[in-house]
Each structure stands twice: as structure tokens, then as C-alpha cells.
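One structure coming up, written as C-alpha cells, with questions to follow.
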Amino acid sequence: MSKKVTLYNTLTQKKEELVPYSENKIKMYVCGPTVYSSAHLGHARAAVTFDVIERFLTYLGYEVTYVRNFTDIDDKIIAKSNETGIPANEISEKYIQEYQEDMASIGVKPPTTQPKVTEHVPEIIEMIQRIIDNGHAYQSEGDVFFSVKKFNGYGKLSKRDPDDMMAGTRIDINEKKEDPLDFALWKAAKPGEPFWESPWGNGRPGWHIECSLMSTKYLGDSFDIHGGGKDLIFPHHENEIAQSEAATGKPFAKYWVHNGLIQINREKMSKSIGNILNVNEAVSMWSKEAIRLFFLSHQYLNPADFSDTTMNEAEAALERLYMTLKRANDLAETKNEADKELESSIEAFKESWVSAMCDDFNTAEALGNLFELTRAINRSIDSNGWTPTLKTALKEVDQFAQTLGILEYDPNEYLQSHKLEKASTEITEEEIEQLIEERISARKDKNWARADEIRDELDAKGIVLEDKADNTIWRVK
RNA sequence: GGCGGCGUAGCCAAGUGGUAAGGCAGCGGUCUGCAAAACCGCAAUGCCCCGGUUCGAAUCCGGGCGCCGCCUCCA
């Protein structure tokens with residue numbers, strides 16, 4: 001790779017250069033959802049963050065293997081099954097389907113592999129057995145627990161000292177555990193619960209072990225990047241490290257990447273506050289690209305506050321980009337000469353967006369570069385109209401936009417049809433065109449009063465007109 | 001109590017030692033029948049406060065104040 005990528009590693013608490021185990025190849029594992037409810041904006045942010053990381057590393061020429069799992073058997077799924085009477089596997093299937101659709105609706109590309117826990121139980125059992133054999137876990141009645149004290153280095157990710165964790169914390173007292181910090185690798189099934197047979201009796205995998213198995217199975221004992229939301233650092237990722245390293249004896253993931261959490265109107269998004277915003281609700285209110293742009297205009301490590309205001313700003317910013325694309329697309333090709341000034345803006349842009357992305361995937365900074373190029377493009381159109389350089393600029397914009405997964409619509413389609421669908425206005429495209437025709441003849445007759453009246457009428461319905469030299473175009477406000 | 005993070009213009013948000021990107025909103029100008037869009041210009045003499053290090057700090061160190069996350073299920 002000609003470009004060096006640096007990324008913040010939670011494990012070392014430093015920004016480090018990305019040096020993969022195998023040159024030109026990146027193995028990345030990201031924790032997917034536990035499928036017991038609809039995907040919310042938090043899932044969306046994580047998915048978009050790693051989607052863009054995957055796209056960018058691929059752009060740089062890496063061959064990326066990206067695994068994101070589904071945890072489809074778990075206490076919460078069972079609880080939901082008990083509440084509703086619907087079998088656990090039907091619940092998880094339903095939400096897996098929904099998750100796939102929701103992620104597709106915000107332009108998240110499917111990972112290379114999306115393994116499910118329930119399809120890996122025999123291998124999980126083998127892994128647990130290995131951990132027991134290595135002396136890091138023990139059986140207690142029908143359960144198997146990981147022995148935290150026996151794992152040297154427990155706490156290295158979340159910077160916790162097991163000795164400090166004992167005192168005062170609200171750790172569940174469980175008679176079956178040798179130590180309150182120990183956590184379950186295998187849980188005995190209660191009557192009526194789904195189960196798999198194991199050497200320790202009927203039961204199911206505990207939370208955490210599934211990720212240890214699936215990551216190492218698909219990516220190897222030691223792999224490059226492990227990601228997820230910041231809330232997973234403890235206990236989930238801490239436990240994953242302990243189990244995996246206890247099983248394999250090798251270092252687990254090299255770089256730990258954690259995205260910041262979403263807030264809604266400056267509050268934590270949580271069930272108790274009742275402010276969880278699901279992806280499908282958000283998509284019905286804002287365009288999918290505005291949602292992506294909202295995420296990407298924050299550095300992924302930082303929290304992001306979702307609100308009407310911040311989303312409307314994202315919509316406005318997106319619109320500015322589409323307006324420029326539309327201006328450019330509407331020009332007919334001519335034999336004009338290259339635009340030197342624009343040429344240098346393109347060079348500057350290319351250099352700066354890639355550097356920004358190489359610096360811990362700083363999409364916010366890279367977007368700033370895009371807006372600078374946008375201004376340069378507009379300037380060029382103002383003074384030179386169509387030039388071959390303009391074509392080059394659009395190609396470069398597209399390259400970057402593809403990396404972020406935005407600007408995939410045709411500009412006209414976005415500014416008209418797409419927004420018309422979202423708007424509450426009842427006017428149709430035909431009616432708009434008709435009024436524009438009428439206004440054009442009024443303007444020919446210099447009947448300004450009627451022309452302005454039509455414009456006001458449309459404006460009241462959320463349609464904005466722009467008079468060009470030889471025609472009038474419209475868009476939704 | 002322990003660990004981690006944050007505080008940059010009216011709002012959002014980059015910037016981790018070299019003299020404050022970008023977006024939204026606002027103001028002035030060019031263009032326009034008038035608009036809109038676009039462009040040009042203006043807008044933080046300063047980056048929560050107080051000290052310190054340095055030729056130089058939003059950036060490093062110390063001390064405050066305020067906000068938040070995790071420590072229990074969570075992307």
C-alpha cells in the first residue's frame with residue numbers, strides 16, 4: 001500500500017499504523033446484533049462505520065474479509081419467546097430478515113460472511129472443551145464458567161483490574177460460580193428452553209463465546225480488526241479476548257475499533273427513556289443518504305447527537321451536493337479547453353480526502369474537502385461552463401462518494417421525485433410541469449404578476465423554481 | 001467509588017505544537033424583470049476557566065468547573 005492508514009486502537013489507547021498480519025489482506029470482524037428486536041440507529045451507525053471502513057480499505061487495494069455475525073440464540077430471545085409464545089428461532093429469523101432489509105435501506109453493503117450462532121454450536125462446544133482442557137474454565141452442574149482469575153491479562157481492553165472489580169459492584173451472586181467475576185460459556189437449559197446436547201448436558205452457548213468461535217473460525221486465531229460499538233468494550237469484548245486467547249494460546253485481534261454511541265436530543269438512547277429510534281422509522285423521515293451523511297459528518301469515535309435540527313442540516317448539506325451535480329449534469333459537452341484552476345482543485349481534493357480517510361477514517365474532514373471541491377466546481381461552471389476538467393472532477397467526486405456510499409441517486413431524481421415522495425404536498429409532477437408552462441408564457445408576455453403568482457403558489461406547496469437562461473427547473477424545498 | 005471520553009462561532013463539526021476546515025443559519029455584494037441557485041466578501045483576536053512548559057498551544061502539563069458514557073442487557 002502506498003498510503004499508510006492509522007487507526008485508534010482501544011487496546012493500546014493510541015493511534016497506530018495499520019499493519020495487517022498478511023500483506024494486502026485485512027481480516028475484520030464486527031459484532032452484529034442480537035436479533036430480538038428491530039434495528040435502531042445505534043446498529044445503523046456501527047454498520048455504516050464499518051461499511052465505510054471496508055469500502056475505503058478496499059479502495060486502497062486491500063482484500064478485505066469482513067465477518068459480521070448474528071447472535072440468534074440468547075437469553076433475551078428466549079425471554080421474548082416466553083412473553084409472546086412464538087418459538088425462539090422464529091423470532092430470530094424475523095429480526096435477521098428485518099436487519100438485512102434495514103441495513104440495505106441505508107446502503108450498507110453485506111459483509112463477506114454473516115454467520116449465525118445456531119449454525120456453529122458443535123464448534124462452540126469444541127472450543128469450550130479446549131478452554132476447559134487448558135485449565136481456564138470449569139463445569140458447575142450443567143453450566144460451564146470461564147475462570148477470570150486464571151486468565152492473566154483480564155481487563156487489558158477495558159482497563160479494569162479484576163481485583164478492583166470485586167468490591168462494591170453489583171455482580172450477580174451465583175452459587176454455581178467459583179468467583180463472582182466468572183462468566184458463562186455454556187448455560188444449562190431450563191425446561192422448555194431451546195437446547196443443544198453437550199458433554200455438560202443440554203444447554204446453549206453463553207453470550208461472548210459465539211464471537212470468539214466465529215471470528216477465529218472465519219479469520220484465523222489472530223486477525224487484524226475487531227470492531228463494534230463502544231458499549232461492547234466491557235464485558236463483551238473483554239471476555240472475547242479472554243476466551244479466545246485461553247483457547248488458542250495466541251493473541252486475538254490486533255486492532256480494536258469502537259464507534260461512539262448515538263444520542264437522541266442529547267440524551268442516551270435507551271429503552272427506559274423510551275427514545276429508541278428504529279432504522280425503519282428514521283428512513284421514513286429522512287433520506288437514507290442524509291442519515292449516512294449525518295453519521296459520516298462525525299468522526300466515528302465521537303458521540304453523535306441525532307435530532308431534527310442536526311438531521312435537517314444533513315439534508316441541506318446533501319442537497320447542496322446534489323444541486324452542484326445537477327448543474328454539472330445539465331451542461332451539454334462542448335469543445336471548451338481544460339480549466340487549470342479546477343484541475344488544481346481536483347488534485348488538492350484527491351490528495352486531501354485520501355489523507356483524511358487514512359487518518360483514522362476521518363470522514364468528517366474528508367467531507368469538508370468535498371465541499372471545497374464543490375465550490376470549485378460551481379466556480380468553474382460559472383466562468384467556463386462545461387469543460388473536460390469538469391468531467392474529471394465529477395469522476396473524482398464519484399470515487400469518494402462511492403467510498404462513503406452517498407450520491408448514488410440521479411440528481412434530478414433526488415431533487416424531484418425522491419423528495420416529492422417524502423414531502424407532504426399533494427401536487428403531482430404533471431401539475432408542476434403544467435404550471436411551469438403557463439408561467440413561461442406569462443413571462444414571455446412580461447406578465448410578471450401572473451408569473452410571480454404561479455411561483456408563490458408552487459412555493460406554498462414546497463416547490464422551488466429556478467429560472468435559467470432558456471428554461472425553468474424545479475425542485476422540492 | 002473505579003475506568004474512559006467530551007467542552008471549538010447562533011447551531012452542527014474537523015483540527016493533538018506553527019498561528020482556527022467544512023456544513024446549516026445570518027449579513028453585504030455580483031447575477032436576475034423580481035426571485036432562486038451559484039459565486040465573492042463579512043462573521044470565533046480566539047477554541048470552558050485559571051496557572052505552567054515553549055520562540056510559539058485549541059493542541060502538551062497541573063488545578064478547577066460543566067456535561068456524558070461504561071462498570072448490569074445494549075451497536
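Quick caveat, the model's predicted, so the values are computed rather than measured. A, B, ... follow the sequence lines: proteins, then strands. Residue 1 opens every chain.
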- So which of A:Ile276, A:Ile264, A:Asn275, A:Val279 actually passes side chain to side chain contact (heavy atoms under 4.5 Å, CB included) with A:His40? A:Ile276
- Under-4.0 Å side-chain N/O to phosphate OP1/OP2 contact, A:Asn362 with B:rG15: yes
- Message: Under 4.0 Å, counting only non-hydrogen atoms across every strand here, what does A:Arg320 touch: a base, just sugar-phosphate, or nothing?
- Response: sugar-phosphate
- Message: Closer than 3.5 angstrom, by distance alone: can the side chain of A:Glu466 be matched with the main-chain N or O of A:Ile473 as a donor-acceptor pair?
- Response: no
- Message: Could you tell me how far B:rG69 sits from B:rG15 if I compare only their C1' atoms? Round to whole Å.
- Response: 23 Å
- Among the nucleotides B:rG22, B:rC70, B:rG4, which one has an atom lying closest to any side-chain atom of A:Arg160? B:rC70
- Please evaluate the base of B:rA75 for a donor-acceptor partner in the side chain of A:Arg45 within a cut-off of under 3.5 Å? no
- Query: Counting any heavy atom closer than 4.0 Å, what does A:Ser158 reach on the DNA or RNA strands: base, sugar-phosphate only, or nothing?
  - Reply: sugar-phosphate
- Query: In terms of side-chain heavy atoms of A:Arg379, which of B:rC39, B:rG15, B:rC34 is nearest?
  - Reply: B:rC39
- Does a distance-only test, which skips hydrogens and angles, find a donor-acceptor pair under 3.5 Å between the side chain of A:Glu365 and the base of B:rG15? no
- Rounded P spacing from B:rA57 to B:rG52 in Å: 12 Å
- Can you tell me, in whole Å, how much space there is between the P of B:rA20 and that of B:rC39? 24 Å
- Query: In residues 467-477 of chain A, which ones come under 4.0 Å of RNA chain B, going by heavy atoms?
  - Reply: A:Asp467, A:Arg475
- Please determine if A:Lys177 and A:Asp143 form a salt bridge, counting it only when a charged side-chain N lies under 4.0 Å from a carboxylate O. no
- Task: To the nearest Å, give me how far apart CD (A:Glu315) and P (B:rC11) are.
- Result: 22 Å
- Looking at B:rA38, B:rC12, B:rG33, which one has an atom nearest to any side-chain atom of A:His298? B:rC12
- Do the charged groups of A:Lys15 and A:Asp360 touch, with an N to O distance under 4.0 Å? no
- Item | Axial cation check for A:Phe234 ring with A:Arg160, 6.0 Å and 45° limits | yes
- For the side chain of A:Gln263, counting heavy atoms from C-beta on, which of B:rC3, B:rC68, B:rA14 is nearest? B:rC68
- Message: Quick check for you: among B:rC11, B:rG33, B:rG23, whose closest atom lies nearest to any side-chain atom of A:Thr309?
- Response: B:rC11
- Task: Considering only NZ, NE, NH1 and NH2 on the basic side and carboxylate oxygens on the acidic side, decide whether A:Asp74 and A:Lys80 come within less than 4.0 Å.
- Result: no
- Touch check for A:Ala364, heavy atoms < 4.0 angstrom, all strands: base, sugar-phosphate only, or nothing? base
- Item | Sugar-phosphate only, base, or nothing, as touched by A:Ile262 at under 4.0 Å among non-hydrogen atoms | base
Quick one: side chains of residues 96-107 of chain A, donor-acceptor pairs under 3.5 Å with protein atoms, not counting sequence neighbours, listed by atom name and distance.
{"residue": "A:Glu98", "atom": "OE1", "partner": "A:Ser38", "partner atom": "OG", "Å": "2.6"}
{"residue": "A:Gln100", "atom": "OE1", "partner": "A:Gln114", "partner atom": "NE2", "Å": "3.4"}
{"residue": "A:Ser105", "atom": "OG", "partner": "A:Asp102", "partner atom": "O", "Å": "2.6"}

- Query: Which base, if any, makes a Watson-Crick or G-U wobble pair with B:rC27, both distances under 3.5 Å?
  - Reply: B:rG41
- Message: Students often get this wrong, so: under 4.0 angstrom with heavy atoms, is A:Arg439 touching a base, only sugar-phosphate, or nothing?
- Response: base
- Task: Using the P atom on both, measure B:rG23 against B:rG33 and round to a whole Å.
- Result: 28 Å
- May I ask which nucleotide in the shown strands pairs with B:rU19, Watson-Crick or G-U wobble, both distances under 3.5 Å? none
- Query: Considering Watson-Crick and G-U wobble pairs with both distances under 3.5 Å, what does B:rG66 pair with?
  - Reply: B:rC6
- NA contact type, A:His258, heavy-atom cut-off 4.0 Å: base, sugar-phosphate, or nothing? nothing
- Task: Pick the P atom in B:rU53 and in B:rU59, then give their distance to the nearest Å.
- Result: 15 Å
- Task: With heavy atoms under 4.0 Å as the rule, sort A:Glu466 into base, sugar-phosphate or nothing.
- Result: base
- Message: Counting the atoms with a prime plus P, OP1 and OP2 as sugar-phosphate, which does A:Arg443 contact under 4.0 Å by heavy atoms, base, sugar-phosphate, or nothing?
- Response: base
- Picking from A:Thr10, A:Asp231, A:Asn9, A:Thr49, what satisfies side-chain hydrogen bond (donor to acceptor under 3.5 Å, both in side chains) with A:His258? A:Thr10
- Item | Derivation and outcome, side chain to side chain donor-acceptor pair (under 3.5 Å), residues A:Asp339 and A:Thr387 | CA-CA 7 Å; A:Asp339 180 333; A:Thr387 59; 5.2 Å; no
- Item | Polar side-chain contact A:Arg375-B:rC39 base: donor and acceptor under 3.5 Å | no
- Does any donor-acceptor pair link the side chain of A:Asp161 with the base of B:rG2 at a separation under 3.5 Å? no
- Query: B:rC73, B:rG33, B:rG22: which one has an atom nearest the side-chain heavy atoms of A:Lys76?
  - Reply: B:rC73
- Message: I'd like the P distance from B:rG1 over to B:rG64, given in whole Å.
- Response: 13 Å
- Note on the structure: Across every strand shown, the nucleotide meeting Watson-Crick or G-U wobble geometry with B:rU32 (both distances under 3.5 Å) is none
- Query: In whole angstrom, what separates A:Leu465's CG from B:rG33's P?
  - Reply: 16 Å
- Message: Rounded to whole Å, please give me the gap between CD in A:Glu238 and P in B:rC3.
- Response: 15 Å
- Task: Determine the contact category for A:Asn378: base if any of its heavy atoms lies under 4.0 Å from a base atom, sugar-phosphate if only primed atoms, P, OP1 or OP2 are that close, otherwise nothing.
- Result: sugar-phosphate
- Message: At 4.0 Å (heavy atoms only), tell me whether A:Leu232 reaches a base, stays on the sugar-phosphate, or touches nothing.
- Response: sugar-phosphate
- Task: Could you work out the separation of B:rG18 and B:rG56 based on their P atoms and round it to a whole Å?
- Result: 15 Å
- Taking the six-membered ring for Trp, does A:Trp448 stack with B:rG33 (centroid gap under 5.5 Å, planes within less than 30°)? yes
Show which side-chain atoms of residues 404-411 of chain A pair as donor or acceptor with protein atoms under 3.5 Å away, not counting sequence neighbours.
{"residue": "A:Asp410", "atom": "OD2", "partner": "A:Asn412", "partner atom": "N", "Å": "3.1"}
{"residue": "A:Asp410", "atom": "OD2", "partner": "A:Glu413", "partner atom": "N", "Å": "3.1"}

- Task: Find the partner of B:rG46: check Watson-Crick (N1-N3 plus N6-O4 or O6-N4) and G-U wobble (N1-O2, O6-N3) distances, both under 3.5 Å, and reply none if neither fits.
- Result: none
- Query: With sugar-phosphate meaning primed atoms plus P, OP1 and OP2, does A:Gly229 contact a base, only sugar-phosphate, or nothing at under 4.0 Å between heavy atoms?
  - Reply: sugar-phosphate
- Counting just side-chain N and O atoms, does A:Asn302 come under 4.0 Å of either OP1 or OP2 of B:rG69? no
- Watson-Crick or G-U counterpart of B:rG1, or none if no pair lies under 3.5 Å: B:rC71
- What's the CG-P distance between A:Leu415 and B:rA36, to the nearest Å? 18 Å
- Message: Under 4.0 Å, heavy atoms only, any strand: does A:Asn312 hit a base, just the sugar-phosphate, or nothing?
- Response: nothing
- Is the backbone of A:Trp386 close enough, under 3.5 Å, to the side chain of A:Asn336 for a donor and an acceptor to pair up by distance? yes
- Could you check which of B:rA38, B:rA75, B:rC12 has an atom nearest any side-chain atom of A:Thr310? B:rC12
- Message: Can you measure A:Lys268 atom NZ to B:rC67 atom C1' for me and round it to whole angstrom units?
- Response: 16 Å
- Item | Identified pairing partner of B:rU53, criterion: Watson-Crick or G-U wobble below 3.5 Å | none
- Query: When the P atoms of B:rA21 and B:rA58 are considered, how many whole Å apart are they?
  - Reply: 13 Å
- Face-on cation placement of A:Lys76 at A:Tyr36 ring, 6.0 Å and 45° thresholds: yes
